[in-house]
Amino acid sequence: MATPTTRTEASVIRTVKGTVEKQFNTMKAIDANIEKSIQELERDFQATSSDIFQRKIADWRLKYKELAAKYDLFHSQLEQGERTIGSGQDMSNTIANRIGGGGGSEIEDVLGGKK
């Protein structure tokens, strides 16, 4: 029986992190387009309906920025998790090699009754 590793979990974190980064970049692009549209609207359209629309867009953008901040925090936590798993994997390998397990095989032999 092979010793379980966290490599799969680390790859899952990298995949999720990539997906989050892609979504976050899409969100940034959308926000930039909305900002451009708002500037054009403020410049070219003066009416009560425009004021109401702009207030609603400003409220939406505030919520959008809060969501973006949460995405950024989530991304940072994913990066920290990836580093933690990587250092845990390295530490596990180091300990196994120091015990003479060569990646855990000697320990498995002893526990499995082969030695």
> For Glu35, which of Lys28, Arg61, Lys65 qualifies under salt bridge (Lys or Arg N to Asp or Glu O under 4.0 Å)?
Replying inline: Arg61
>> Once rounded to the nearest 0.5 Å, what's the spacing between atom CD1 of Ile34 and atom CG of Leu41?
In response: 12.5 Å
> About how many Å separate CZ of Phe74 and CD of Glu79, when rounded to the nearest 0.5 Å?
Replying inline: 11.5 Å
>> Check whether Tyr64 reaches the backbone of Met27 with its side chain - one donor and one acceptor, N or O, closer than 3.5 Å.
In response: yes
>> Just verifying a value: how many Å separate Leu67 CG and Leu62 CG, rounded to the nearest 0.5 Å?
In response: 11.5 Å
> Between the side chains of Ser50 and Gln46, is a donor N or O closer than 3.5 angstrom to an acceptor N or O?
Replying inline: no
>> Return the CG to CD distance between Asp59 and Gln54, rounded to the nearest 0.5 Å.
In response: 12.0 Å
> When rounded to the nearest 0.5 angstrom, what distance separates CD in Gln77 from CG in Asp72?
Replying inline: 10.0 Å
>> Consider side-chain contact (heavy atoms from CB on, under 4.5 Å). Of Glu40, Glu42, Lys36, which one does Ile38 pass it with?
In response: Glu42
> Nearest 0.5 Å, what's the CD1-CD1 distance between Ile57 and Ile52?
Replying inline: 13.0 Å
